[in-house]
Structures are given as C-alpha cells and as structure tokens.
There are 2 protein chains.
Amino acid sequence: MTSSSSLTKNQKLVLDALEKEKGPLSAYSILDRLRDDGLRAPLQVYRALDKLLDLQLVHRLESLNAFVACAHPHCHASHMIAFGICETCGQVWEFSDDVVRDRLMGWAESHDFKPSKTTIEMKGVCADCRAAG
Amino acid sequence: MTSSSSLTKNQKLVLDALEKEKGPLSAYSILDRLRDDGLRAPLQVYRALDKLLDLQLVHRLESLNAFVACAHPHCHASHMIAFGICETCGQVWEFSDDVVRDRLMGWAESHDFKPSKTTIEMKGVCADCRAAG
DNA sequence: CTCTGTTGTGTTACTCTATAACATCTGTCA
DNA sequence: TGACAGATGTTATAGAGTAACACAACAGAG
C-alpha cells in the first residue's frame with residue numbers, strides 16, 4: 001500500500017489541486033479551488049499540507065509562501081532538493097545536485113551543525129519567458 | 001562617502017536594531033523595538049528594510065520571514081550567500097561557497113535560466129545548542 | 001533663487017498567510 | 001466495547017506585507 005493511497009479525503013483534494021496546477025499555489029488559492037468540494041477554512045488546507053509535506057508528496061517554496069506537488073513522488077530518498085522558479089510564468093523546476101549537497105553538508109560538519117531542513121531556491125526567468133520576452 | 005553614512009533616520013534605526021540583535025528579527029519585532037524612537041507603522045520598517053536589502057546591508061531569511069544585518073557589510077561582491085540557522089537559539093551563520101555557486105549557476109546555464117536571486121538556507125541545531133541540549 | 005523631480009515620511013486601511021482553541025467524529029486495536 | 005490516535009469543522013485571532021494618498025526634504029537645472 002503506497003503512502004498516497006492512504007491519504008484522507010482532504011489530503012487527496014489538496015494534492016489533486018496541486019497536481020493539476022503547473023505552478024505553485026498558495027494555501028489560500030488551494031482553498032479557493034476546493035470550496036466547491038466542501039472546504040471552507042484555511043486550517044483544513046494547512047492541515048492537509050502539513051501531512052503531505054511530511055510524506056514528501058508536496059514541497060513548500062519558502063520564497064513564495066506557496067506549495068508545489070513533488071515532481072518525483074516515487075523517489076523518497078530525501079534528497080536535498082533545489083528549485084528553479086520562473087518569476088514570469090511561475091513554472092518550477094525541481095532538481096538535486098550531489099555536489100551542492102556535499103558542500104553544504106561539509107560546511108555543516110565543519111561547524112558541528114546538524115541540519116534538519118535545507119532550502120535552495122533560485123528565482124529568475126526561464127528560457128521560454130526570455131525567448132518570449 | 002560610504003553607503004551606510006548616507007542612510008536616512010529610519011534606515012539607520014532599523015539597521016541599528018538589527019545589528020544590536022544577535023539573531024534575526026521579524027519586521028514587526030523591529031517595529032516594537034523602535035516605537036520609542038517614533039516609528040508607528042509597519043510600512044516605515046518595510047521601506048527602510050527595502051533600501052537596506054538593496055544596499056546589501058541586510059539579508060532576508062525567507063524560511064523565517066525575518067531579517068538579519070549582513071555579517072560582512074564591507075564586501076559588496078554580491079556573492080551567492082548561504083545561511084545556517086539554529087532553530088534552537090536563533091543564531092545565524094552567513095557563508096558562501098564558490099563550488100555551490102558554480103554548480104547552481106551551471107544548472108541555470110544548462111537550462112537557459114537567468115537567475116536573479118538565490119536563497120540557500122540550512123535550518124538545524126548549532127554546536128553550542130547540541131552540547132547544551 | 002526657484003522650479004521641478006526624486007526620494008523619504010506618516011497614516012489609514014486593507015490583504016494575504018498562518019495558527020490557537022475547542023468541539024466533534026471516525027477508525028483501529030487491545 | 002471502550003479508549004486512544006488522528007482527522008475534521010468552525011470561529012476567532014495573530015503575524016506578515018501592501019495599496020493609496022498626502023506631505024516633507026533635498027538635489028540639480030534653468
């Protein structure tokens with residue numbers, strides 16, 4: 001039984017909303033999309049998001065206060081994930097880089113710092129938007 | 001004439017408040033500390049912060065919605081700066097790593113993505129707090 | 001010197017993001 | 001079956017950030 005098949009109704013609704021969207025959504029945007037499905041209060045969305053974040057099915061983009069469905073939901077290998085975020089079209093690229101991870105972990109080790117969560121977000125303009133620019 | 005000597009009254013107040021503090025402060029915490037100096041509205045703080053961010057005298061920590069004084073205010077070399085943030089004591093370490101920067105810029109180039117601002121934040125527990133823990 | 005444009009200020013009101021507190025419900029497992 | 005863990009629904013509130021408008025301070029051009 002996969003983790004996603006054990007999701008509750010609200011968790012499925014929120015995950016579906018995020019997967020339908022090509023870009024990130026704020027919690028309140030998700031709420032707006034789910035009003036017809038019975039969701040009424042922000043907490044219903046935030047609680048579902050908390051669970052989905054735990055399960056790594058969703059990522060939070062700190063620099064946007066927004067959320068995206070994980071692009072690789074089957075790889076639970078808790079990578080240190082980085083994001084490219086187009087400020088023009090809103091599209092998000094999710095990637096990881098072992099060298100970046102090693103260097104950051106190296107800094108942490110040399111400072112006896114125990115990292116729990118790492119945020120790497122590059123905002124900019126994507127190829128398509130530059131071409132269209 | 002250095003950039004900091006040309007700061008206005010509000011900008012100096014906000015920068016001083018941040019420099020006095022060892023850790024990051026939210027805009028509203030800054031406002032609280034500056035009420036006796038005549039500041040009354042959030043916008044007065046946000047406007048000063050905008051300018052200080054432009055001048056790179058202050059950094060914004062996206063994962064905390066908070067701000068810190070730049071640890072190296074004399075180096076304007078627009079590095080790609082990374083932060084270690086202790087979730088226990090709130091202390092912040094500011095560092096940069098050329099290899100990390102090169103790898104991220106490499107990803108950007110290979111995707112024809114033009115980055116404008118990059119956020120790198122490691123949250124965790126620092127050496128002192130682990131020892132005290 | 002004065003006009004004018006740019007930058008900063010002060011204030012009110014507002015939007016967006018997130019959580020507290022409390023009651024209820026539902027399923028699981030002993 | 002009953003007790004606990006987790007999910008739900010709701011109201012109210014806290015925290016973060018911006019819009020719009022009027023005014024002040026100051027520099028440079030004429």
Side-chain angles (χ1 to χ4, degrees), chain A residues 1 3-18 21 23-55 57-68 85 87 90 117 119 121 123, chain B residues 1 3-18 21 23-55 57-68 85 87 90 117 119 121 123:
Chain A
M1 175 176 289
S3 48
S4 76
S5 70
S6 65
L7 295 180
T8 67
K9 173 179 147 255
N10 287 0
Q11 289 159 12
K12 279 191 198 108
L13 285 170
V14 168
L15 183 56
D16 282 354
L18 283 172
E21 197 77 21
L25 286 176
S26 74
Y28 279 70
S29 301
I30 295 170
L31 178 56
D32 286 341
R33 281 163 175 68
L34 296 179
R35 288 202 189 275
D36 293 343
D37 298 287
L39 292 211
R40 301 168 152 274
L43 251 195
Q44 298 176 283
V45 174
Y46 280 109
R47 288 200 277 227
L49 285 170
D50 281 346
K51 194 65 198 296
L52 295 169
L53 289 168
D54 266 0
L55 297 171
L57 298 173
V58 159
H59 302 294
R60 178 187 164 81
L61 301 176
E62 303 287 353
S63 65
L64 297 180
N65 294 329
F67 304 85
V68 280
I85 304 168
E87 293 172 308
K117 200 208 166 193
T119 299
E121 299 176 12
K123 284 204 208 167
Chain B
M1 177 176 289
S3 46
S4 75
S5 71
S6 66
L7 295 179
T8 67
K9 172 179 147 255
N10 287 0
Q11 289 159 12
K12 279 191 197 112
L13 285 170
V14 168
L15 182 57
D16 282 353
L18 284 171
E21 198 75 20
L25 287 175
S26 74
Y28 279 68
S29 300
I30 295 170
L31 178 56
D32 286 342
R33 281 163 175 68
L34 296 179
R35 288 203 190 275
D36 293 343
D37 298 288
L39 292 211
R40 302 169 151 273
L43 251 194
Q44 297 176 283
V45 173
Y46 280 109
R47 288 200 276 226
L49 285 170
D50 282 345
K51 194 63 197 294
L52 294 169
L53 288 167
D54 266 0
L55 296 173
L57 298 175
V58 159
H59 302 295
R60 179 189 164 82
L61 300 176
E62 303 287 353
S63 64
L64 298 180
N65 293 329
F67 304 85
V68 280
I85 303 169
E87 294 172 308
K117 200 209 164 191
T119 299
E121 299 176 12
K123 283 205 211 168

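Labels below follow one simple rule: chain letters A, B, ... track the order of the sequence lines, proteins then strands, and each chain is numbered from 1.
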Would you tabulate the pairs of protein nitrogen or oxygen atoms and nucleotide nitrogen or oxygen atoms of nucleotides 25-28 of chain D closer than 3.5 angstrom?
none

Polar atom pairs (N or O), protein with nucleotides 10-19 of chain D, under 3.5 Å:
residue : atom : partner : partner atom : Å
D:dA16  : N7   : B:Tyr28 : OH           : 3.2
D:dG17  : OP1  : B:Arg60 : NH1          : 2.9
D:dG17  : OP1  : B:Arg60 : NH2          : 2.6
D:dG17  : OP2  : B:Tyr46 : OH           : 2.8
D:dG17  : O5'  : B:Tyr46 : OH           : 3.3
D:dG17  : N7   : B:Tyr28 : OH           : 2.7
D:dG17  : O6   : B:Tyr28 : OH           : 3.3

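- Applying the side chain to side chain contact (heavy atoms under 4.5 Å, CB included) rule to B:Arg60 yields the partners B:Leu53, B:Glu62, B:Asn65, B:Phe67; only residues at least two apart in sequence or on another chain are considered.
- Applying the side chain to side chain contact (heavy atoms under 4.5 Å, CB included) rule to A:Lys51 yields the partners A:Gln11, A:Leu55; only residues at least two apart in sequence or on another chain are considered.
- The minimum heavy-atom distance linking A:Leu64 with A:Pro24 is given by the pair CD1-CG, 3.8 Å.
- Chain B approaches DNA chain C over the interval C:dG8 to C:dT12, counting the first and last nucleotide 5' to 3' with an atom under 4.0 Å from its heavy atoms.
- In plain terms, the two heavy atoms of B:Leu34 and B:Ala17 that are nearest each other are CD2-CB, 4.3 Å.
- A donor-acceptor pair under 3.5 Å links the side-chain atoms of A:Lys12 to the main chain of A:Leu7, judged by distance alone.
- Taking five base pairs at each end of the helix from C:dC1-D:dG30 to C:dA30-D:dT1, the local helix axes there meet at an angle of 30°, rounded to 10°.
- Atom CG of A:Leu34 is separated from atom C1' of D:dG9 by 15 Å (rounded to the nearest Å).
- Interatomic distance, NZ of A:Lys123 versus OG1 of B:Thr119, reported as 7.0 Å (0.5 Å rounding).
- Scanning all heavy atoms of the two residues, the minimum distance from B:Val58 to B:Leu15 falls at CG2-CD1, 4.0 Å.
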Walk me through whether A:Arg33 and A:Glu21 qualify under salt bridge (Lys or Arg N to Asp or Glu O under 4.0 Å).
CA-CA 11 Å; A:Arg33 281 163 175 68; A:Glu21 197 77 21; 3.3 Å; yes
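- More than 12 heavy atoms of other residues, nucleotides or ligands shown are found within 6.0 angstrom of CG on A:Asp54.
- In this structure, CD1 on B:Ile30 lies 4.0 Å from CG on B:Leu18, to the nearest 0.5 angstrom.
- Atom CG of residue B:Leu49 and atom CG of residue B:Asn10 lie 10.5 Å apart, to the nearest 0.5 angstrom.
- Within the structure, a side-chain polar atom (N or O) of A:Lys9 is placed less than 4.0 Å from OP1 or OP2 of D:dG9.
- Between the side chain of B:Glu121 and the backbone N or O of B:Ser63, at least one donor-acceptor pair lies under 3.5 Å.
- For the pair B:Leu31 and B:Pro42, the tightest heavy-atom approach, listed with the atom from each and the gap, is CD2-N, 3.8 Å.
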